[in-house]
Amino acid sequence: GVKKGAAGHSHSIFLKVDGSVWGMGKNDQGQLGDDNVTDRGDPFQIIGSGAVDLDAGNGHSMVVMDDGRVLVFGNNKFGQLGTAEALYQPNPQLLPSFKVSSAVASENTSYFVDLNGSLWSVGCDWDGELGNGAVTHSVSNLVKVVDGNVTAVRSMWNHALYRDVNGSILGFGDAHYGRLGTGTSSDLHSPAMVYDGNITSFAAGNEHSAMVLSDGSLWTMGRNYLGQ
């Protein structure tokens, strides 16, 4: 059976209960990790065993192995794979000397929570989505956003949200339409408090965000032109 699936811009990858990773869809940037750029209409195996988590971004993919190592492949134009390799990486590459509990692939940026609970980012930084306070176009080396106390991160497009050990939600990046929920529409290059309380789950959409409080209520923020 399937344990988890992830949908990128035009490709999908999924994790089976046996620890294998499979993929299908567009492959023009090597995002399926099969050493070519041929699109795949049927699921095929990328990794045989040992995977425990995965995510898919715009044109890149990431797989977390059972020992905490991370395999990355696909589009690396903005350094979002965290390697100094070519613009495209069609083979899964190991991030050296780095182990994580989770990995999130966003549009052209990637996020990792390491085994100590620290949050790291790499890739595009047009709107502050790296969250390290700098104003740069892109970074191909991992940068630390938060030192410890992070339990989960979510991202979509050019903004990111994360939950700390107290259950509070903080955010950074593109704040247009109020998608960060911080009361401003100006980009935030460093984390700011979104909600100081016990959040059980949360999600980042293209131009909006949502979170579920411990009382079961759903709260949303951001663009609403389609009623989202």
Side-chain angles (χ1 to χ4, degrees), residues 6 8-9 28-31 33 53-64 68-164 170-176 179-180 182 184 186-192 194 204 206-207 209:
H9 188 273
D28 61 324
Q29 300 169 87
Q31 57 264 54
D53 198 8
L54 49 68
D55 202 14
N58 181 18
H60 70 294
S61 306
M62 302 191 295
V63 177
V64 180
R69 297 177 303 157
V70 184
L71 294 172
V72 296
F73 43 98
N75 187 5
N76 196 35
K77 182 178 180 180
F78 299 98
Q80 60 263 50
L81 297 184
T83 68
E85 304 295 333
L87 294 179
Y88 305 105
Q89 180 52 254
N91 289 309
Q93 297 293 305
L94 184 67
L95 286 182
S97 304
F98 190 64
K99 293 188 176 183
V100 308
S101 60
S102 63
V104 170
S106 189
E107 180 73 5
N108 293 304
T109 311
S110 300
Y111 302 91
F112 307 91
V113 178
D114 70 18
L115 300 182
N116 296 315
S118 295
L119 175 61
W120 300 74
S121 63
V122 69
C124 186
D125 194 33
W126 285 334
D127 301 302
E129 56 265 47
L130 287 183
N132 67 333
V135 181
T136 57
H137 181 63
S138 63
V139 173
S140 59
N141 295 314
L142 290 165
V143 295
K144 183 179 287 189
V145 181
V146 181
D147 189 13
N149 297 322
V150 176
T151 62
V153 59
R154 303 285 186 268
S155 179
M156 178 67 73
W157 201 248
N158 294 333
H159 77 291
L161 302 170
Y162 70 87
R163 183 176 59 201
D164 66 16
L170 295 91
F172 52 90
D174 189 344
H176 285 84
R179 72 194 75 179
L180 290 179
T182 59
T184 181
S186 299
D187 296 344
L188 297 176
H189 294 266
S190 298
V194 175
N206 189 9
E207 295 175 327
S209 304

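The shortest heavy-atom contact between Ser121 and Leu130 is OG-O, 2.6 Å. Looking at every heavy atom in both residues, Thr151 comes nearest to Asp164 through OG1-O, 3.8 Å. Nearest approach of Gly8 to Ala56, heavy atoms of both residues: N-CB, 3.6 Å. The two residues Thr109 and Cys124 come nearest to each other via the heavy atoms OG1-O, 3.0 Å. Shortest non-hydrogen contact noted between Leu81 and His60 is CD2-CB, 3.8 Å. The two residues Leu94 and Arg69 make their nearest non-hydrogen contact at CD1-CB, 3.5 Å.
The backbone N or O of Ser118 sits nowhere less than 3.5 Å from a side-chain atom of Asn116 that would complete a donor-acceptor pair. Side-chain atoms of Ser155 come within 3.5 Å of backbone N or O of His159 as a donor-acceptor pair. Counting only distance, with no hydrogens or angles, the side chain of Ser209 and the backbone of Leu180 share no donor-acceptor pair below 3.5 Å. Side-chain atoms of Ser61 never come within 3.5 Å of backbone atoms of Phe73 as a donor-acceptor pair (strictly under, hydrogens ignored). Panel note: side chain Ser140, backbone Gly82; no donor-acceptor pair is recorded below 3.5 Å. A donor-acceptor pair under 3.5 Å links the side-chain atoms of Asp55 to the main chain of Ala105, judged by distance alone.
From Leu87, atom CG reaches atom CG of Asn75 across 8.0 Å, with rounding to the nearest 0.5 Å. The OG atom of Ser106 sits 5.5 Å away from the OH atom of Tyr111 when rounded to the nearest 0.5 Å. Residue Ser102 holds its OG atom at 12.0 Å from CG of Leu54, rounded to the nearest 0.5 Å. Atom NE2 of His176 is separated from atom CG of Asn158 by 10.5 Å, given to the nearest 0.5 angstrom. Atom-to-atom distance recorded for Asn91:CG and Gln89:CD is 5.5 Å, nearest 0.5 angstrom.
Partners of Asp53 by salt bridge (Lys or Arg N to Asp or Glu O under 4.0 Å), not counting sequence neighbours, listed by chain and number: Lys4. Partners of Trp126 under the ring pair (Phe, Tyr, Trp, His ring centres under 6.0 Å) rule, at least two apart in sequence or in another chain, are Phe78, His137. Legend: residues meeting side chain to side chain donor-acceptor pair (under 3.5 Å) with Glu129, ordered by chain and number and at least two apart, are absent. Asn149 pairs by the side chain to side chain contact (heavy atoms under 4.5 Å, CB included) definition with Val165, not counting sequence neighbours. Scored by the salt bridge (Lys or Arg N to Asp or Glu O under 4.0 Å) test, Lys144 finds Asp147 as partners (sequence neighbours excluded). Taking the ring pair (Phe, Tyr, Trp, His ring centres under 6.0 Å) definition, one finds that Tyr162 meets it with nothing, sequence neighbours left out. With sequence neighbours left out, Gln31 forms a side chain to side chain donor-acceptor pair (under 3.5 Å) with Asp28. For Ala103, the side chain to side chain contact (heavy atoms under 4.5 Å, CB included) partners at least two apart in sequence or on another chain are Met62, Val64, Phe112. In this view, Ala152 and Arg154, Arg163, Phe202 satisfy the side chain to side chain contact (heavy atoms under 4.5 Å, CB included) rule, not counting sequence neighbours. Evaluation of the ring pair (Phe, Tyr, Trp, His ring centres under 6.0 Å) rule for Tyr88 yields no partner, not counting sequence neighbours. Considering only residues two or more places apart in sequence or on other chains, Asn58 meets the side chain to side chain contact (heavy atoms under 4.5 Å, CB included) condition with His9, Glu107, Asn108. With sequence neighbours excluded, no residue satisfies salt bridge (Lys or Arg N to Asp or Glu O under 4.0 Å) with Asp187.
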Working for side chain to side chain contact (heavy atoms under 4.5 Å, CB included), residues Leu115 and Val100: CA-CA 5 Å; Leu115 300 182; Val100 308; 5.7 Å; no
Between Leu95 and Thr83, is a side chain to side chain contact (heavy atoms under 4.5 Å, CB included) present by the stated rule, with each step listed? CA-CA 7 Å; Leu95 286 182; Thr83 68; 3.8 Å; yes
Begin with the C-alpha distance, continue with both residues' side-chain angles, and end with the deciding distance and a verdict on side chain to side chain contact (heavy atoms under 4.5 Å, CB included) for Val122 and Trp120. CA-CA 7 Å; Val122 69; Trp120 300 74; over 6 Å; no
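Between Arg179 and Asp174 there is a salt bridge, since at least one side-chain N of the basic residue sits less than 4.0 Å from a carboxylate O of the acidic one.
Defined by atom type and a distance below 3.5 Å, a donor-acceptor pair is present between the side-chain atoms of Asp125 and Thr136.
Residues Val194 and Leu161 are in side-chain contact: their nearest non-hydrogen atoms beyond the backbone lie under 4.5 Å apart. For the pair Val104 and Ser110, the minimum side-chain heavy-atom distance is 4.5 Å or more.
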